[in-house]
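Comments concern the structure below.
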Amino acid sequence: MTQFIANQWLEGQGEAFQSIAPFENTPIWDGQYATPDQVNHAVTAAANAFPDWADLTLEQRLEYVLKYKAELEKNFEKISQIIAQETGKPLWEATMEADRMVAKVQLALDAHKERLAELTLAVGDAQGITRYKPHGPCAVLGPFNLPGHLPNGHIIPALLAGNTIVFKPSEKTPLIGEEMIRCWHNAGLPAGVVNLVHGAAEIGKALITHPDIVGVFFTGSYNVGRAINQLLADHPEKIVALEMGGNNPLIVHESADTKAAIYHTLLSAYITTGQRCTCARRLIVPQTAQGDQFIDQLAQHLPKMNIGAWNADPAPFFGPLIDIEAAQNMLKAQDQYIADGATPLVTMQQHEASPALLTPGLIDLTPLKTITDTEHFGPLLKVIRVPDFDAAIDAANATAYGLSAALLSDNPDNYKRFYRKIRAGIVNWNRQTTGASGRFPFGGCGKSGNNRPAGFFSADYCAFPVASLEANSISIPEKTIVGTGF
Ligand SMILES: NC(=O)C1=CN([C@@H]2O[C@H](COP(=O)(O)OP(=O)(O)OC[C@H]3O[C@@H](n4cnc5c(N)ncnc54)[C@H](O)[C@@H]3O)[C@@H](O)[C@H]2O)C=CC1
Ligand SMILES: O=C(O)CCC(=O)N[C@@H](CCC(=O)O)C(=O)O
């Protein structure tokens, strides 16, 4: 029983599929996709549940959300282990993800109170009030890379605001999606408030185009985000929040502590095997002696990193890619760069421990005439050498994406220039590009999103503002409008 509709666990009626643990390359879960009929059933359940759920006070909805939090805490180890094995990320990192799922409850509540606060103004002899209302039944589409934390970051604020949900996890991580929904079920949510359907693109399409779905909260790739936008072109009335990819730059310039610069580069480019939307893809370094030394030492350091199984002891820094196909695609991308004239500084290779495990790569794209603006979702960092700092900023901005960007530099004037010029939703100084805090907005410009940031600002797309003019009684004002006969 893998779909959850109106508080019933049901068998999917669509094609069978499995969740394959990437390191072991063995199935850890079997299930079926939903059918479009089942999607309809789930959306209808969410639509039926909406009026009563929306009618509850925030405090009443919060009671359920706090019970969900308690369920996450009760099942913390199991959740961490599922995230680790299903994605292949090390247990320490999966535990951090589970921690962030728990922490999201308080963050979303704080955000709700701050971002959706009632605002009152005197307007003549009436009171003007801004309040917020939920949209209705919303779809949440999740990615595979942080399969607990990221959908959780849409679902909690959406529920607090009074929406109901149909969640479709990534078809690569159905098990953690299911476990999360089990926690909601155990929290005692009324039937239909949260529903789960499994599937890939076809089920995603059926869900978001359903006429009763009024909001679509998506985290995933640019190509799919664009396809969603196209599919919904005739429905501007649906609220669509798209959190998409990045081709994020990291500039290193005038940073005397080479070791610290290497450490922050590793956390930028290779954490989660380079499978974070915020990962640095392009390492931009001016052609100075200090720049040469930094690149040399980084290249020497990469082979020293411990990589391996999610449960290995000692724990690795990163594990495999999500599947063998993803690993093969990364290797093909590297081959293509080399064929085009790039210089591999550290060649990314398949590791003997698992076909989905790749060693970290570093490749110098400076010799290329043109550098394609592509997000390669894996452990390959591309070096671009430039004449000076101004050229570094130009190179950093040479992308249609704009998610995260960072500068490692001891010189505050460099940061002032960088901050003013760079186009990105996350701009860091002497910190890695990844690891954004949930206390801040999380989203990017350009192809990275549609200006509806998640993180602390998720509250904004989970409700719409209503303007009211209110007075306890009606009266004729002293100054009336001409021509009305008063
Ligand atoms: N900006 C952000 O907050 C984040 C963005 N990402 C991006 O996500 C990508 C990696 O995640 P993936 O799971 O590979 O993303 P993906 O775009 O392939 O899939 C995301 C979700 O969309 C569904 N889907 C696929 N085709 C669809 C269609 N035509 N209509 C409706 N739904 C469809 C998938 O089944 C999945 O649930 C990277 O590009 C990464 O940068 C990942 C995490 C955070
Ligand atoms: O919503 C939040 O709590 C902040 C968003 C966040 O956690 N971002 C992570 C993951 C991004 C990704 O999925 O690639 C980060 O910045 O590393």
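One-based numbering, in listed order, for ligands and for the atoms of each. Numbers here are sequence positions counted from 1.
Distances from atom 26 (N) of ligand 1 to the protein include at least one heavy-atom value under 4.0 Å.
The shortest N/O to N/O separation between T434 and ligand 2 does not fall below 3.5 Å. On a distance-only criterion, S221 and ligand 1 share at least one N/O pair closer than 3.5 Å. Polar contact check, H149 against ligand 2: a nitrogen or oxygen pair lies under 3.5 Å apart. Checked against a 3.5 angstrom limit, the closest N/O atoms of N145 and ligand 1 fall outside it. Annotation: E171 places an N or O atom under 3.5 Å from an N or O atom of ligand 1; distance criterion only. For ligand 1, none of its N or O atoms has an N or O atom of R276 under 3.5 Å away. At a 3.5 angstrom cut-off on N or O pairs, I228 does not count as close to ligand 1.
Here the heavy atom of the protein found nearest to atom 16 (O) of ligand 2 is A436 N, 2.8 Å. Nearest to atom 1 (O) of ligand 2 among the protein's heavy atoms is K104 NZ, 3.1 Å. In terms of protein heavy-atom proximity, atom 12 (C) of ligand 2 is closest to C277 SG, 3.1 Å.
Between Y68 and W184, the ring-plane angle classifies as parallel under the 30° and 60° cut-offs.
Between R439 and D110 a salt bridge is recorded (basic side-chain N to carboxylate O distance below 4.0 Å).
Each ring-ring contact (aromatic ring centres under 6.0 Å, His included) pair with one or both residues in residues 228-251, not counting sequence neighbours, would appear here, but there are none.
The distance from ligand 1 to the heavy atoms of M244 drops below 4.0 Å at these ligand atoms: 1 (N), 2 (C), 4 (C), 5 (C). Those atoms of ligand 2 that come under 4.0 Å of a heavy atom in G438, given as number and element, are 2 (C), 3 (O). Residue-ligand proximity, G455 to ligand 2, at heavy-atom distances under 4.0 Å covers atoms 1 (O).
Under 4.0 angstrom from ligand 1, there are no non-hydrogen atoms of L231. Using a 4.0 Å cut-off between heavy atoms, F377 contacts ligand 1 through its side chain alone, with no backbone atom that close. Residue contacts with ligand 1 for A454 are absent, since no atom lies close enough (heavy atoms, distance under 4.0 Å). Looking at R100 against ligand 2, only its side chain comes within 4.0 Å, counting heavy atoms. Counting heavy atoms closer than 4.0 Å to ligand 2, residue L146 contributes side-chain atoms (C-beta onward) but none from N, CA, C or O.
Inter-residue side-chain proximity for R276 and Y270 is flagged as unmet; no heavy-atom pair is nearer than 4.5 Å. Between P151 and F167, some side-chain heavy-atom pair lies under the 4.5 Å cut-off. Residues H264 and R431 meet the side-chain proximity criterion, which asks for heavy atoms closer than 4.5 Å.
Aromatic ring centres of H376 and Y337: separated by under 6.0 Å. Separation of the H154 and F218 ring centroids does not fall under the 6.0 Å cut-off. The distance between the ring centers of Y132 and F464 does not fall below 6.0 angstrom.
The backbone N or O of Q275 sits less than 3.5 Å from a side-chain atom of N145, completing a donor-acceptor pair.
Here the shortest heavy-atom distance to atom 13 (O) of ligand 2, taken over L150, I426, T272, belongs to L150. Closest heavy-atom approach to atom 6 (N) of ligand 1 among the candidates G142, C277, G449: C277.
For the pairing with L407, the side-chain contact (heavy atoms from CB on, under 4.5 Å) check across I284, N414, I393 returns one residue only, N414.
Assignment of F442 to the shell around ligand 1 is supported, since a heavy atom sits closer than 4.0 Å. Residue contact annotation: G435 has a non-hydrogen atom under 4.0 Å from ligand 2. P169 counts as a contact of ligand 1, since one of its heavy atoms falls under 4.0 Å from the ligand.
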